[in-house]
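Hydrogens, waters and symmetry mates are skipped; everything else that's a heavy atom, side chains included, is used. Proteins get letters first, then strands, A, B, ... in listed order; numbering begins at 1 in each.
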Amino acid sequence: MHGQALPKSDLISRPWEYEAVYRRGKRVRGNNCSLICLPTDRENNRLGISIHGIKKAVKRNRIKRIIREFYRLNRAALPAATDMVFTVREGFSPNSPEEVKQAIFTLLKKIGSPSPSR
RNA sequence: AGGAGUGGGCGCAUGGUCGCUGUCCGCCUUCGGGCGGGCAGAGGAAAGUCCGAACACCGCAGGGCAAGGUGGUUCGUAACACGAACUGGGGGCAACCCUAAGGAAAGUGCCACAGAAAAUAUACCGCCGGGCAACCGGUAAGGGUGAAAAGGCGAGGUAAGAGCUCACCGCCUUCAUGGUGACAUGGAGGGCAUGGCAAACCCCACCUGGUGCAAGACCAAAUAGGGAAACGUUUGAGGGCGGCUCGUCCGAGGUUUCCGGGUAGGUUGCUAGAGGCGCCGGGCGACCGGCGUCCCAGUUAAAUGAUCAUGGCCCGCUUCGGCGGGUACAGAAUUCGGCUUAUAGCCCACUCCUUUUU
RNA sequence: GGCCCCAUCGUCUAGUGGCCUAGGACACUGGCCUCUCACGCCGGUAACAGGGGUUCGAGUCCCCUUGGGGUCA
């Protein structure tokens, strides 16, 4: 264990789980992307990615992989015990995990202190 | 040297660190899985879904109709709308390229405007003959219209003209030869009859049952409902008619157990195949046969990634030490055979044209 | 992933291969009317998704591409 592994069980993969996050989560909007967080009972945090409006499969997969890579490297810095869904719209095209890191950290500043308000 | 044509091929490489998916081996296990190691992990188009098949389920005695598709010939192929070779037509100086290319004397329909007339024919300006003229007769050479005008061109002929006659070309009929065939070549005859459009209806020949891996098969929560049995119930729960009592009709809820269908979810179908590579043989070729050898993704809110270094290739700057930038199109989803479309930068082979030199 | 459908002015739509230089309504805009606005009247701008082919001639027929939309759990 190196603390940087990302197995598939830590990804949100069921439609109703996405529905729950969309319905009851807290949403922060950014430039062509937004972050929705929902506190849960489990110990670690989980990630979901939703991409809309990007038609070429190569670009879509690349955005997904870069976001996942960012999440793998910076997981400890993110609030624990939450399901977070990263939503991407047309026009958002990062080239490296650093850009995603900046974008997400500005969103987290918008949320404020990672308050575990239930 | 420059320009052009055809066919084929490549489409970044290597290593370190951190990750993802599958599989094999070993160990641990609370039997859910976890850890360590080995191996494998996007394409020439994976794309568009335009055709053809395999496979699966449903339907089906046989035949016909309808609907749709294909359309030179002969081969190739599991099959095709694909490919090869050849034929006809068109384009190009040429290499070579393009070609839905059967039938218009089976029928129906359309051919705007213009024009006399758009297909049974007919005669506007004309030409010629007759006639004082009105007009009558003969013509279709010429003009004009149009995308297209009833063979073309030349000569003879004539009142003027006309396949009326003749030569050449085209067309039709027929014969011979060559070819598996499309067709080609040649001879004889006819004397012009047969305008175009079938990616208009149609006729002819051939082909096609429908749905598609979200096909189909198996396991199977929760909730609702179905069936069966037992207990319970005729001392009648509940409901309908009726304003209500009475009445009358329908009638077994309820509890327990079992069964079958089946949703979420899971497993399977799921990758060894009309397979790749090499050699030999057959064929002009597409392709086929034989032998040897190899195992080469299998995901499911979607794995194949991030970063660092070194080196290729291209472009720009250069103080010739280097520096900076770029490295296309694009991501498997049941599997194959084609077609079409996108594609930076290259490589190889053959061929043609122009110019120069020998 | 499979299977289908559609595309005409800014918007909603007509349009038997030739009367199409593509019609109508709303919108926009110029003028008239009015003290001004509205209404009304007279005009104007503005479109066949792109590329090939068939045809004398294509918005219409055929093929390819592009962009939308539907459906199957």
* Asked: Partners of A:Arg46 by salt bridge (Lys or Arg N to Asp or Glu O under 4.0 Å), sequence neighbours excluded?
  -> A:Glu17, A:Asp83
* C1' spacing across the pair B:rA148 / B:rC111, given as an integer number of angstrom -> 9 Å
* To do: For B:rU271 versus B:rG22, give the span between their P atoms, rounded off to a whole number of Å.
  => 14 Å
* For A:Arg65 and B:rU304, is the shortest distance between a side-chain N/O and OP1 or OP2 below 4.0 Å? -> yes
Please write out the pairs of protein N or O atoms and N or O atoms of nucleotides 300-302 of chain B separated by less than 3.5 Å, giving the distance to one decimal.
unit_1: B:rU300; atom_1: OP1; unit_2: A:Lys8; atom_2: NZ; d: 2.7
unit_1: B:rA301; atom_1: O2'; unit_2: A:Ile12; atom_2: O; d: 3.0

* For atom C1', what is the distance between B:rC55 and B:rC206, given to the nearest Å? -> 27 Å
* **Separation between the P atoms of B:rC280 and B:rC75, rounded to whole Å** => 31 Å
* **Euclidean distance for P, B:rA182 against B:rA176 (whole angstrom)** => 16 Å
* Counting only Watson-Crick or G-U wobble pairs whose two distances fall under 3.5 Å, which nucleotide matches B:rG189? -> B:rC172
* **Distance, C1' atom - from B:rA67 to B:rC171, rounded to whole angstrom** => 41 Å
* Asked: Do A:Asn45 side-chain atoms and A:Pro79 backbone N/O form a donor-acceptor pair below 3.5 Å?
  -> yes
* Structure fact -> Sequence neighbours excluded, the answer for side chain to side chain contact (heavy atoms under 4.5 Å, CB included) partners of A:Asp10 is A:Leu6, A:Pro7, A:Asn44, A:Arg75
* Return the set of residues passing salt bridge (Lys or Arg N to Asp or Glu O under 4.0 Å) with A:Arg24 (not counting sequence neighbours), or none when no residue passes. => none
Restricting to nitrogen or oxygen on both sides, can you table the protein-nucleotides 65-72 of chain C pairs closer than 3.5 Å?
unit_1: C:rG68; atom_1: OP1; unit_2: A:Lys55; atom_2: NZ; d: 2.3
unit_1: C:rG68; atom_1: OP2; unit_2: A:Lys55; atom_2: NZ; d: 3.3

* **Pairwise C1' distance for C:rG59 and B:rU343, with rounding to whole Å** => 34 Å
* Asked: For atom C1', what is the distance between B:rC279 and B:rC346, given to the nearest Å?
  -> 31 Å
* Structure fact -> Applying side-chain hydrogen bond (donor to acceptor under 3.5 Å, both in side chains) to A:Arg14 and not counting sequence neighbours gives none
* In the hydrophobic clustering that connects Ile, Leu, Val, Met, Phe, Trp and Tyr at side-chain heavy-atom distances below 4.5 Å, which members other than A:Tyr22 occupy its cluster, ordered by chain and number? -> A:Ile12, A:Tyr18, A:Val21, A:Ile36, A:Leu38, A:Val85
